[in-house]
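Quick note: numbers below take in every heavy atom, side chains included, and nothing from hydrogens, waters or symmetry partners. A note on names: the letters A, B, ... follow the listed sequences, proteins ahead of strands, and every chain is numbered from 1.
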There are 2 protein chains.
Amino acid sequence: MSARDTLLDAYGAILLENGQRATTLSAVAARAGVSKGGLLYHFTSKDALTEGLIDRLDELMAEDITAMRAAPDGPSRYYVRTSVWTDCALDRTLVAVAQLAQESHTGAQEVMDRARRQWLELIRKEVSEEATAHAILLIGDGLYFDAALSGNPGSSREDAITAAELLPVVDRLLAGAQD
Amino acid sequence: MSARDTLLDAYGAILLENGQRATTLSAVAARAGVSKGGLLYHFTSKDALTEGLIDRLDELMAEDITAMRAAPDGPSRYYVRTSVWTDCALDRTLVAVAQLAQESHTGAQEVMDRARRQWLELIRKEVSEEATAHAILLIGDGLYFDAALSGNPGSSREDAITAAELLPVVDRLLAGAQD
DNA sequence: GTCTATACGGGGATAGAC
DNA sequence: GTCTATCCCCGTATAGAC
């Protein structure tokens with residue numbers, strides 16, 4: 001794995017677990033196993049580091065949209081299924097960048113906006129009724145919100161909802177919107 | 001309005017609009033129209049300031065739970081209705097404290113957890129089916145997530161969903177869970 | 001490609017005047 | 001009750017050795 005990727009992993013992990021304030025250059029460097037100077041060789045500034053993470057999210061989102069479009073059980077079910085926390089690269093990067101977006105980082109806000117628009121577009125193809133499509137999108141948002149709040153989403157709470165429990169509800173929403 | 005309340009308003013507003021990193025003592029003091037020293041007379045440290053905001057959320061939540069319990073259209077509809085951004089004190093404080101929770105602030109995480117548990121408990125009284133109750137809770141979470149992401153939720157986007165559009169979907173969920 | 005040393009600014013907090 | 005002045009620490013970034 002490239003040094004750049006290792007550093008982005010460390011940055012994302014700290015962002016996810018302890019929030020923006022904890023993402024000092026020394027903390028990121030230490031977690032990646034290099035010194036501050038070493039970090040600044042690969043990313044010339046902290047801004048460059050955040051741009052790197054945003055670019056990574058853009059790539060992961062492109063993959064996700066492709067998979068969602070091809071999902072055998074349909075985009076809505078795919079979307080809700082994959083919004084439940086699975087600790088995958090997209091989950092982690094998305095919640096990390098969401099933190100940046102909340103700190104008014106324009107680039108982060110734009111990529112989050114783009115992500116939600118792309119998801120909604122695919123859900124709409126399956127669910128003609130506008131409000132239902134939005135409700136499904138909101139359920140996914142809610143799942144990410146929970147993950148973001150918990151700080152350490154890996155240690156899922158005992159009362160966390162599972163995809164298996166949630167999908168029948170999505171099915172009912174889909175069926176109800178068909179009339 | 002007391003000086004304390006004015007300062008908490010300023011702190012919450014900056015947290016909401018620009019994120020934790022922007023909430024320096026000088027910025028909060030300036031927004032409240034006092035000096036740094038003036039602020040530190042009312043709140044002896046930055047921690048005291050955040051505790052103040054968390055206490056405020058606790059009070060607002062108690063009011064909200066009372067109103068939700070007495071809502072004529074039922075707790076679920078009340079919950080979704082009021083989760084749509086209305087720029088009220090609870091909305092603003094909740095999203096502000098959510099930011100603190102994401103920065104691993106224990107007190108903030110606890111009050112957010114408490115809030116979600118209380119909401120879920122009341123929704124459960126109306127919706128016996130567990131997954132549906134969770135789905136309704138998640139729709140509210142999603143609405144708060146959107147508000148948090150936008151940075152300045154006051155300036156609602158044109159594509160934002162309204163309560164009027166969302167409530168029929170909630171009704172269908174309630175009806176579907178009755179069988 | 002990675003390190004140490006250092007410069008510089010900003011944020012939190014105290015002391016004390018008014 | 002609110003202000004200014006000041007201190008110290010820490011975070012970002014640069015310079016230059018290895």
Check A:Leu166 against A:Leu143 and note the closest heavy-atom contact, atom names and distance.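 That closest heavy-atom pairing would be CD2-CD1, 4.0 Å.
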Over all heavy atoms of both residues, which pair between B:Leu16 and B:Gln99 is shortest? Give the atoms and the distance, please.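 Smallest heavy-atom distance, with atoms named: O-NE2, 4.1 Å.
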Just the atom pairs and distances: protein N or O near nucleotides 1-4 of chain D's N or O, under 3.5 Å.
from	atom 1	to	atom 2	distance (Å)
D:dG1	OP2	B:Tyr41	OH	3.0
D:dT2	OP2	B:His42	NE2	2.4
D:dC3	OP2	B:Ser35	N	2.6
D:dC3	OP2	B:Ser35	OG	2.8
D:dC3	O5'	B:Ser35	OG	3.3

Looking only at the side chains, is there a donor atom on one of [X] and [Y] sitting less than 3.5 Å from an acceptor on the other?
{"X": "B:Tyr79", "Y": "B:Asp64", "answer": "no"}
{"X": "A:Thr162", "Y": "A:Glu165", "answer": "yes"}
{"X": "A:Thr24", "Y": "A:Lys46", "answer": "no"}

With heavy atoms under 4.0 Å as the rule, sort A:Ser26 into base, sugar-phosphate or nothing.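 No contact.
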Reckon A:Leu25 touches a base, only the sugar-phosphate, or nothing at all at heavy-atom distances under 4.0 Å? sugar-phosphate
Length of the CG-P vector between B:Leu40 and D:dA5, whole Å: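 Whole-Å distance recorded here is 16 Å.
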What is the distance from NZ of B:Lys46 to P of C:dG12, rounded to the nearest Å?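 Computing the B:Lys46:NZ to C:dG12:P distance gives 4 Å.
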Go through the structure and list residues passing side chain to side chain contact (heavy atoms under 4.5 Å, CB included) with B:His42, not counting sequence neighbours. B:Ala3, B:Arg4, B:Leu7
Indicate yes or no: does A:Arg92 engage A:Glu17 in a salt bridge with an N to O separation below 4.0 Å. yes
DNA chain D contacts among residues 6-22 of chain B, heavy-atom distance under 4.0 Å: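 DNA chain D contact set from residues 6-22 of chain B: B:Arg21.
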Is A:Arg56 close to A:Val97 at the side-chain level, that is, under 4.5 Å between some pair of heavy atoms? no
